[in-house]
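Report on one structure; see the data block that follows.
Just so it is clear, the model here is predicted, and its values are computed rather than measured.
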Amino acid sequence: MTTPEQQSAPEPTAFPEEAPSGGIAYRQELARKSIHLTSLLIPVLYSFLPLRTMLAMGIPMLTVAVTVDLLRRHHPPTAALIGRFFGAMLRPHEQGGTDRQTFTGATYVLIAAVLFIVLLPQPIFIGAFVMLVVGDTAAALVGRRWGAHKIWGKSWEGIAAFVG
């Protein structure tokens, strides 16, 4: 038999389901960052493949990503399809119906990858891109879970995770 004190105390959860105001739930953040980590394939491939091959793969992928994002913005059936599969992981500014709608994070990652594969020497690109992907993932997950001290809308805890 439980006492009234035991009944009223809620169990703490490791990953709260509720989304912060204007954000996505932590479980969706985990899914989003899992997909984000797959972009580590870019520097891994670039470790073995020449610049021309990377561009021959990267430019068409970027073209598809930009096309899908533009269709998502201007073609309701495409928006519905993308929303059905990825809607829970999209940040509010990536979703339709706002003046601030932008490309998805995946498209921005591909833009950066193609641009910096062209501009940077291979070793610098590989190190910087790995740092970006791993650091961003750590910052988002730590900042969302334990971030309490904010500066410019970001938490010190997330910033420390990015740098660490």
Side-chain angles (χ1 to χ4, degrees), residues 19-20 22-145 147 151-155 157-164:
I24 61 176
Y26 196 80
R27 193 169 301 273
Q28 278 72 36
E29 187 73 44
L30 285 170
R32 181 181 173 94
K33 291 306 173 184
S34 296
I35 293 170
H36 191 83
L37 285 173
T38 64
S39 63
L40 285 172
L41 287 172
I42 297 168
V44 168
L45 288 172
Y46 197 22
S47 297
F48 300 103
L49 299 174
L51 173 71
R52 289 181 148 222
T53 305
M54 290 302 294
L55 292 177
M57 293 185 314
I59 291 171
M61 289 173 62
L62 175 58
T63 302
V64 168
V66 169
T67 301
V68 168
D69 266 344
L70 291 174
L71 282 171
R72 185 177 57 85
R73 185 168 189 171
H74 301 289
H75 186 250
T78 302
L81 182 66
I82 299 297
R84 189 149 129 237
F85 290 102
F86 300 105
M89 289 186 279
L90 294 177
R91 301 211 187 284
H93 66 274
E94 294 172 332
Q95 296 174 1
T98 66
D99 291 338
R100 225 180 124 218
Q101 181 184 1
T102 60
F103 291 137
T104 63
T107 301
Y108 284 121
V109 166
L110 285 171
I111 291 169
V114 170
L115 180 66
F116 289 112
I117 283 171
V118 171
L119 295 176
L120 297 174
Q122 181 190 34
I124 292 173
F125 170 82
I126 290 170
F129 204 80
V130 168
M131 183 179 160
L132 168 72
V133 173
V134 173
D136 179 67
T137 299
L141 297 178
V142 168
R144 285 284 310 274
R145 181 72 178 105
I151 181 170
W152 300 304
K154 302 294 179 183
S155 74
E157 295 83 358
I159 293 168
F162 183 92
V163 173

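When ring centroids are compared, F103 and Y108 come within the 6.0 Å threshold. The distance between the ring centers of F116 and F129 does not fall below 6.0 angstrom.
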Checklist line | CA sep, side-chain torsions, deciding dist, call: V114, M54, side chain to side chain contact (heavy atoms under 4.5 Å, CB included) | finding: CA-CA 8 Å; V114 170; M54 290 302 294; over 6 Å; no
Note to self: Between T107 and V68, is the side chain to side chain contact (heavy atoms under 4.5 Å, CB included) condition met? List the steps.
What the structure shows: CA-CA 9 Å; T107 301; V68 168; over 6 Å; no
Notebook entry, point to check: Between L51 and Y46, does a side chain to side chain contact (heavy atoms under 4.5 Å, CB included) hold up when you go through it step by step?
Noted result: CA-CA 7 Å; L51 173 71; Y46 197 22; 3.6 Å; yes
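L110 CG to I59 CD1: the interatomic distance, rounded to the nearest 0.5 Å, is 11.5 Å. In this structure, the separation between CE on M131 and CD1 on I126 is 15.5 Å, given to the nearest 0.5 Å. Here OG1 of T104 is found 8.5 Å from CD1 of I82. Values are rounded to the nearest 0.5 Å. In this structure, the separation between CG on L115 and CG on L62 is 10.0 Å, given to the nearest 0.5 Å. For the atom pair OG (S155) and CZ (F162), the distance works out to 13.0 Å, reported to the nearest 0.5 Å. With rounding to the nearest 0.5 Å, the separation of NE2 in H36 from OG1 in T137 is 4.5 Å.
Contact check for V134 versus L40: side-chain heavy atoms found under the 4.5 Å cut-off.
Of all heavy-atom pairs between P60 and L55, the closest is CD-O, 3.8 Å. When all heavy atoms are compared, the tightest approach of A139 to G158 is CB-O, 3.2 Å. Minimum interatomic distance between L45 and M57 (heavy atoms only, all atoms of both residues): CD1-CE, 4.1 Å. Residues K33 and A140 come closest through the heavy atom pair CE-CB, 3.3 Å. In terms of heavy-atom proximity, I117 sits nearest to I42 at CD1-CG2, 4.3 Å. Closest of all the heavy-atom pairs between A161 and A138 is CB-O, 3.6 Å.
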